[in-house]
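Structure first, then comments.
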2 protein chains.
Amino acid sequence: MEHKTNDVSRRERDCLVVLEEETKDNFPMRLHQIADSLGVKPPTALNVIKRLEHKGLARSRGGMVVLTESGDRAARSILLVHRTFESLLCQSGVPENSACVEAAEVDFIIQESDARLILKKIGNPKYCPHGKPISERDRE
Amino acid sequence: MEHKTNDVSRRERDCLVVLEEETKDNFPMRLHQIADSLGVKPPTALNVIKRLEHKGLARSRGGMVVLTESGDRAARSILLVHRTFESLLCQSGVPENSACVEAAEVDFIIQESDARLILKKIGNPKYCPHGKPISERDRE
DNA sequence: TAATATCATTAGTGTAATACTAAAATATGG
DNA sequence: CCATATTTTAGTATTACACTAATGATATTA
């Protein structure tokens, strides 16, 4: 019915990305830590996490939260779209900081398949303007 | 505080665009007509219109609705972004219909200034894939 | 003009995402 | 075992969206 397979809201996107970046060491995040990262109170963060769990994107036990396989894929997809769009904007002449902000407005909406095609069109840059690798193969 | 100057929701965008396209002859739209175009019931459409009025984008009297100057500008801006993004997607290899659907997901979010820069980067096409003029100067 | 049909509007619900406070339940560490 | 920290529940609020049902207003037309 809906647009994306992994249809996430803005805040859910924030949460996915934070989890993706903070659990690379295989340690889960604590609720309060997530709340701090999102800049909201713990009950609000808990709410977001419950929605993610409901969608099969995260799992939690006693305040310890991890991404599922599916959540990990969703997060990487979002990052790919983000960095692709960011690169497009920068190549077009949008200042780096502005590009990042703008990319964050759409990175959870634009389809990964579209982003991959755009990526090719703009010359398959390996890194986004911030220097982060774009493809999920060469992760930091 | 927010992202866009003319920050409109998805449904408000739909309403703006419908009004823009259906009031070219300077005749206002009726509520029920708007409701039909949006595929919602009149009370729902009325609600959307009230939000637009509140934002200074539309005016209505006795069920007759028109865009304000500001609303007209907002609608054109959205169309410019839509057609630009659509063109980008098509040039990248996304099928036309798909491109249109995807563009509709972001045309009310991406900034006009960004779109103008992207437009230049992709070679300043005069028309979108559907053949509609992109620049607001040469309107149909 | 009066009756009917059409259209607009109000009122009342309901869902989803977002966010808060306050309080209660659970850990955790001494 | 107690104090602190953390999680969780409960309750409230806002915005966008959408509905039904009822009411109000305005036509059209018989």
Side-chain angles (χ1 to χ4, degrees), chain A residues 1-19 22-23 27-66 71 74 78 104-109, chain B residues 1-19 22-23 27-66 71 74 78 104-109:
Chain A
M1 224 113 289
E2 264 311 313
H3 174 245
K4 276 196 121 182
T5 314
N6 284 312
D7 212 356
V8 292
S9 69
R10 186 182 235 85
R11 193 53 101 182
E12 285 162 9
R13 180 273 317 271
D14 292 342
C15 196
L16 280 178
V17 170
V18 161
L19 278 165
E22 298 294 323
T23 59
F27 278 105
M29 276 186 95
R30 307 305 306 255
L31 175 65
H32 70 91
Q33 198 187 351
I34 294 172
D36 285 353
S37 295
L38 299 183
V40 300
K41 301 294 175 191
T44 301
L46 185 60
N47 205 299
V48 177
I49 290 158
K50 278 180 179 167
R51 291 204 305 273
L52 289 178
E53 283 190 87
H54 211 73
K55 295 177 181 179
L57 301 175
R59 281 182 306 125
S60 75
R61 206 164 59 217
M64 294 186 298
V65 185
V66 291
I78 286 164
E105 293 289 323
V106 295
D107 60 14
F108 61 107
I109 299 174
Chain B
M1 224 115 289
E2 265 310 313
H3 174 247
K4 277 197 121 182
T5 314
N6 285 312
D7 212 354
V8 293
S9 70
R10 186 182 236 85
R11 192 52 101 182
E12 286 161 9
R13 179 273 317 270
D14 292 343
C15 197
L16 281 178
V17 170
V18 161
L19 278 166
E22 299 293 324
T23 60
F27 277 103
M29 275 186 96
R30 308 305 306 254
L31 175 64
H32 70 92
Q33 198 187 351
I34 295 172
D36 285 352
S37 296
L38 300 184
V40 300
K41 301 295 175 191
T44 301
L46 186 61
N47 205 296
V48 177
I49 290 159
K50 278 180 179 167
R51 291 203 305 272
L52 290 179
E53 284 191 87
H54 211 76
K55 294 176 181 179
L57 302 173
R59 280 181 308 124
S60 76
R61 205 165 62 218
M64 296 186 296
V65 187
V66 292
I78 286 163
E105 293 290 322
V106 295
D107 59 14
F108 60 107
I109 300 174

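Remember, predicted model here, so these are calculated numbers, not experimental data. Just so we're on the same page: letters track the sequence lines, and every chain starts at 1. The figures that follow rest on heavy atoms only: side chains count, while hydrogens, waters and symmetry mates do not.
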Check your understanding: Considering residues at least two apart in sequence or located in another chain, which fulfil the side chain to side chain donor-acceptor pair (under 3.5 Å) criterion with S60(A)?
Key ->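 Applying side chain to side chain donor-acceptor pair (under 3.5 Å) to S60(A) gives E53(A).
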Check your understanding: Listed by chain and number, what are the side chain to side chain donor-acceptor pair (under 3.5 Å) partners of E22(A), not counting sequence neighbours?
Key ->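 For E22(A) there are no side chain to side chain donor-acceptor pair (under 3.5 Å) partners, ignoring immediate neighbours.
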Roughly, in whole Å, what's the span from [atom1] in [X] to [atom2] in [N]?
| X | N | atom1 | atom2 | answer |
| --- | --- | --- | --- | --- |
| D7(B) | dT14(D) | CG | C1' | 16 Å |
| H54(B) | dT14(D) | NE2 | P | 14 Å |
| I49(A) | dA19(C) | CD1 | P | 13 Å |
| L52(B) | dA16(D) | CG | C1' | 12 Å |
| R61(B) | dT26(D) | CZ | P | 13 Å |
| I34(A) | dA19(C) | CD1 | C1' | 17 Å |
| L38(A) | dA19(C) | CG | C1' | 12 Å |

Counting only side-chain N and O atoms of [X], is one of them less than 4.0 Å from OP1 or OP2 of [N]?
| X | N | result |
| --- | --- | --- |
| K41(A) | dA23(C) | no |
| T44(A) | dC20(C) | yes |
| R11(A) | dA19(C) | yes |

Tabulate protein N/O versus nucleotide N/O from nucleotides 4-8 of chain C, keeping only pairs under 3.5 Å, one per line.
from, atom 1, to, atom 2, distance (Å)
dA8(C), OP1, L31(B), N, 3.1
dA8(C), OP2, H32(B), N, 2.9

Please set out all donor-acceptor pairs under 3.5 angstrom arising from side-chain atoms of residues 34-42 of chain A, sequence neighbours excluded.
from, atom 1, to, atom 2, distance (Å)
S37(A), OG, Q33(A), O, 3.1

Check your understanding: For the side chain of K55(B), counting heavy atoms from C-beta on, which of dT9(D), dA16(D), dT10(C) is nearest?
Key ->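 Per side-chain heavy atoms of K55(B), the pick is dA16(D).
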Review point. Within the structure shown, what part of the strands sits under 4.0 Å from N47(A) by heavy-atom distance: base, sugar-phosphate, or nothing?
Key: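 Base contact.
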**Study point:** Pairing residues for R13(A) by the salt bridge (Lys or Arg N to Asp or Glu O under 4.0 Å) criterion, not counting sequence neighbours
**Key:**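 Checked R13(A) against salt bridge (Lys or Arg N to Asp or Glu O under 4.0 Å); matches are D107(A).
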Which atom names give the shortest non-hydrogen contact between [X] and [Y], and what distance separates them?
| X | Y | value |
| --- | --- | --- |
| V8(B) | F108(B) | O-CD1, 3.4 Å |
| L16(B) | G71(B) | CD2-O, 4.0 Å |
| A74(B) | L57(B) | CB-CD2, 4.2 Å |

Point to revise | Student check: side-chain heavy atoms of M64(B) and M29(B) closer than 4.5 Å | key: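 No; the side chains remain at least 4.5 Å from each other.
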Polar atom pairs between nucleotides 10-12 of chain D and protein, under 3.5 Å, N or O only, would you list them?
none

Check your understanding: Can you tell me if K55(B) uses its side chain to pair, donor with acceptor, with the backbone of D7(B) under 3.5 Å?
Key ->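 At least one qualifying donor-acceptor pair exists.
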